[in-house]
Amino acid sequence: MAFTEPEAKVLGALSNLDPPHTLTVRQLCRATLLPETSVHRALLRLARTGLAMSTLQGPAQWRCTDRGRLAITRPVYRDYAGIRP
């Protein structure tokens, strides 16, 4: 699956977290410098494909799945894997 730039940025930011840590949409917006709508769209597509998942806490918090961590390590996405939250 090829990622759009927002998807790669969001997944890159999430993949840098230790597994128990999560980020809100607002935190992802700050980390990726993307507007909220782009982050929401990216998260929905990543969640549908099993690369990111939401926690059941409110406000919604997101984390990267093991599949997502593996996907973002592909050479074509190397620049996005270094995005720090």
A.B. asks: Does the T22 side chain pair with the main chain of W62, one donor and one acceptor, at a distance under 3.5 Å?
C.D. replies: no
A.B. asks: Hey, mind stepping through L14 and I72 against side chain to side chain contact (heavy atoms under 4.5 Å, CB included) and telling me if it holds?
C.D. replies: CA-CA 10 Å; L14 291 174; I72 201 67; over 6 Å; no
A.B. asks: Of all residues at least two apart in sequence or in a different chain, which pass the salt bridge (Lys or Arg N to Asp or Glu O under 4.0 Å) check with E36?
C.D. replies: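 Listed in chain order: nothing, the list is empty.
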A.B. asks: Judged by atom type as modelled, is there a donor-acceptor pair below 3.5 Å linking the side chain of R69 to the main-chain atoms of L51?
C.D. replies: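 Answer holds: no.
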A.B. asks: Would V10 end up clustered with M53 when hydrophobic side chains under 4.5 Å apart are linked, directly or stepwise?
C.D. replies: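 In one cluster: no.
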A.B. asks: State whether the side chain of Y77 and the backbone N or O of G12 hold a donor-acceptor pair below 3.5 Å, judged by distance alone.
C.D. replies: no
A.B. asks: If you group Ile, Leu, Val, Met, Phe, Trp and Tyr by side-chain heavy-atom gaps below 4.5 Å, do L46 and V76 land in one group?
C.D. replies: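 Yes, L46 connects to V76 through the hydrophobic network.
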A.B. asks: Could you grab the distance from atom CG of L70 to atom OG of S15, nearest 0.5 Å is fine?
C.D. replies: 11.0 Å
A.B. asks: Within this structure, what is the SG-CG distance for the pair C64 and L23, rounded to the nearest 0.5 Å?
C.D. replies: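 Reported value, rounded in 0.5 Å steps: 10.5 Å.
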A.B. asks: Atom CG in L11, atom OG1 in T32: separation rounded to 0.5 Å?
C.D. replies: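 These two atoms lie 12.0 Å from each other.
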A.B. asks: One pair to check against side chain to side chain contact (heavy atoms under 4.5 Å, CB included): L34 and C29. What are the steps and the verdict?
C.D. replies: CA-CA 5 Å; L34 292 170; C29 288; 5.8 Å; no
A.B. asks: I need the F3 CZ to K9 NZ distance, nearest 0.5 Å.
C.D. replies: 15.0 Å
A.B. asks: Atom CG of L28 and atom NE2 of H40: how far apart are they, to the nearest 0.5 Å?
C.D. replies: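 Output value for this atom pair is 9.5 Å.
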